[in-house]
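On a predicted model such as this, the values are computed, not experimentally measured, just so you know. Numbering of ligands and ligand atoms starts at 1, following listing order.
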Amino acid sequence: MNPAASNILQRLIGEGGFVSGQTLCAELGMSRSAVWKHVAALRSAGYAIEAVSGRGYRLERLTGAPVAGEVSPLLETASFGRTFIELESVDSTNIRALALAREGAVEGTVVVADSQTGGRGRMRRAWVSPPGVNLYCSIVLRPPLPSFRVPEIPLLAAAAIHEAASQEYPELKLFIKWPNDILAGGRKVCGILCEMESEPDCAHFVVVGFGLNVNLDPVPEELQGIATSLCIETGRKLSRARLLAAMLNRFERLYHEWLEREDLGFILPKLEAHAWLKGRELQIEQFSRVLVGTGAGLSPQGHLLLRCEDGSVIPVTSGEAHLRPVNQQQET
Ligand code: ATP
């Protein structure tokens, strides 16, 4: 959406009622015909805008698209989402945000795209990103902390997304799957990908990206049995803009609190209350080995605690966690 149309949208949302064409012209520094043109563009993007001569324009219906015009009025943040790059389509919001961060983008800069052509997860795996239904978002962070704390960020983001989605869908039980996923009904609704540029002692910047399946329905063929969406699980469509604003509001609060703390201890009870892997029989695939044991929770550093067969509990710093098939559980 172009910035002028976005400004008109925000002004109409803020007013809630009629705003005269003259007021829009004066406040936004544009001609009557420019206002008319941008209102027409908003209508063709799906916004219902009533026009009454002598009274002006009134917004009747939003689209829920994750655009600045809809998200900004809902933000309670100081920096998160205050610089908001919205794109129709992009290869990957993380790639774009990393490039912007290298050019000096401020902390809290958000890149959102309606679709991604090369969305990615860990290990360069593809993140399926169709248009018009989901959230694909990356946020630039500049934590003044040693880089060893960066691996805590995906769980911090997961907590923010979990809280935001749970507030919007109180009927839905969502689980956080260490280290970077959110599941509903045992299937993936959200993946988080954190990338950084750093020196050994300090992170120059971090980009935390997430893909959240919001109104996706049905699940694309290639994700059958793997993925689900908030809509499929609840039967309710939701405004992506509202969900994104709720996430950014929470994430900024959690992030600032986290900067003051030494680790994730302050949200550990929340993370553990919704942990998918806790108490389950697991197989953790790492580069050179496979670990087997029972999920025993999380450490304050965000490591998965694994209870091994000899009873010892070890912290697992990285890897892919899978539930062990029942027959394997019985054999060991
Ligand atoms: P795992 O899912 O095995 O725990 P992971 O969490 O590291 O691995 P990622 O690499 O972060 O997974 O995400 C990529 C994987 O997520 C893909 O291989 C695919 O299985 C799945 N995936 C891709 N697109 C979507 C999507 N839109 N919704 C849900 N899952 C998806």
Side-chain angles (χ1 to χ4, degrees), residues 66 89-95 97-98 112-138 150-151 153-159 161-162 165 172 174-196 206-234 238 240 243-244 247 271 274-278 280-287 290-292 295 298 302-304 306 316-325:
S89 180
V90 71
D91 46 0
S92 141
T93 58
N94 259 34
I95 290 177
L98 285 164
V112 178
D114 193 52
S115 67
Q116 297 183 113
T117 52
R120 51 200 186 131
R122 293 194 297 169
M123 320 295 286
R124 298 286 183 269
R125 284 188 287 250
W127 187 261
V128 177
S129 309
V133 282
N134 294 334
L135 281 173
Y136 316 111
C137 172
S138 298
V150 170
I153 293 178
L155 286 171
L156 202 61
I161 297 166
H162 186 282
L172 186 58
L174 293 162
F175 289 93
I176 296 173
K177 180 179 175 229
W178 177 91
N180 67 330
D181 292 333
I182 297 181
L183 309 187
R187 295 186 176 161
K188 205 189 287 200
V189 279
C190 179
I192 296 163
L193 179 65
C194 203
E195 298 178 276
M196 70 167 162
V206 177
V207 164
V208 54
F210 66 93
L212 174 62
N213 299 334
V214 184
N215 297 324
L216 180 78
D217 189 10
V219 167
E221 189 70 31
E222 66 266 45
L223 295 178
Q224 289 290 334
I226 296 171
T228 187
S229 74
L230 298 172
C231 174
I232 291 170
E233 296 301 314
T234 61
L238 197 78
R240 289 177 288 157
L243 204 49
L244 178 56
M247 186 278 174
L271 290 171
H274 308 294
W276 175 249
L277 300 180
K278 197 166 179 181
R280 294 177 190 263
E281 297 300 309
L282 306 177
Q283 183 169 308
I284 315 287
E285 285 173 31
Q286 296 185 318
F287 284 111
V290 175
L291 302 170
V292 168
L298 294 170
H303 302 153
L304 178 73
L306 191 70
V316 181
T317 54
S318 66
E320 275 178 48
H322 302 287
L323 302 188
R324 275 158 73 204

Distance-only, no hydrogens or angles: does the Asp217 side chain make a donor-acceptor pair with backbone N or O of Cys231 under 3.5 Å? no
With a heavy-atom distance limit of 4.0 Å, tell me whether Leu223 approaches ligand 1 through its side chain, its backbone, both, or neither. side chain
Check Arg125 against ligand 1 and report side chain, backbone, both or neither, counting heavy atoms closer than 4.0 Å. side chain
Residue from Ser89, Pro131, Ser92, Pro130 passing side-chain contact (heavy atoms from CB on, under 4.5 Å) with Tyr136: Pro130
Distance to 0.1 Å, residue and atom name: give those for the protein heavy atom nearest to atom 11 (O) of ligand 1. Asn180 ND2, 3.2 Å
The closest protein heavy-atom partner of atom 31 (C) of ligand 1 is Trp127 CZ3, 3.4 Å
For Glu320, the ligand 1 atoms whose distance to one of its heavy atoms is below 4.0 Å: 3 (O)
Given the options Arg122, Lys177, Arg125, Glu320 meets salt bridge (charged side-chain N to carboxylate O under 4.0 Å, His left out) only with Arg125
From atom 4 (O) of ligand 1, work out which of Arg187, Glu285, Lys177 has a heavy atom at the shortest distance. Lys177
Just to confirm my output: which protein heavy-atom neighbour is closest to atom 28 (N) of ligand 1, and how far is it? Asn213 ND2, 2.8 Å
Are there more than 12 heavy atoms of other residues, nucleotides or ligands under 6.0 Å from atom CD of Glu221? no
For ligand 1, note which part of Leu193 has a heavy atom under 4.0 Å away: side chain, backbone, both or neither. neither
Identify the protein heavy atom lying closest to atom 24 (N) of ligand 1, giving its residue, its atom name and the separation to 0.1 Å. Val128 N, 2.8 Å
For atom 20 (O) of ligand 1, the closest protein heavy atom turns out to be Ile226 CG2, 3.9 Å
Kindly compute the distance separating CG (Leu135) from CG (Leu238), expressed to the nearest 0.5 Å. 9.5 Å
Taking atom 17 (C) of ligand 1 as the point of reference, which of Ala126, Gly121, Pro130 owns the nearest heavy atom? Ala126
Give yes if a backbone or side-chain nitrogen or oxygen of Ile192 is under 3.5 Å from a nitrogen or oxygen of ligand 1, and no if not. no
Residue among Thr93, Leu98, Leu193 satisfying side-chain contact (heavy atoms from CB on, under 4.5 Å) with Val207: Leu98
State whether Arg240 and Asp114 are salt-bridged, where the test is any N-O pair (Lys NZ or Arg NE/NH1/NH2 against Asp/Glu carboxylate O) under 4.0 Å. yes
Show which atoms of ligand 1 fall inside a sub-4.0 Å distance from at least one heavy-atom site of Ala227. 28 (N), 29 (C), 30 (N)
Could you walk me through whether Asp181 and Trp276 pass the side-chain contact (heavy atoms from CB on, under 4.5 Å) check? CA-CA 10 Å; Asp181 292 333; Trp276 175 249; over 6 Å; no
Measure from the side-chain N and O atoms of Trp178 to the backbone N and O of Leu155, and report whether any donor-acceptor pair falls under 3.5 Å. no
Should one rank Glu222, Lys188, Arg124 by closest heavy-atom distance to atom 1 (P) of ligand 1, which comes out on top? Lys188
Please work out, at 4.0 Å between heavy atoms, whether the side chain, the backbone, both, or neither of Asp181 comes within that distance of ligand 1. side chain
Please report which non-hydrogen protein atom sits nearest to atom 7 (O) of ligand 1, along with the residue it belongs to and the distance in Å to one decimal place. Arg122 NE, 2.6 Å
Does the side-chain contact (heavy atoms from CB on, under 4.5 Å) test come out yes or no for Val208 and Leu156, once each step is laid out? CA-CA 10 Å; Val208 54; Leu156 202 61; over 6 Å; no
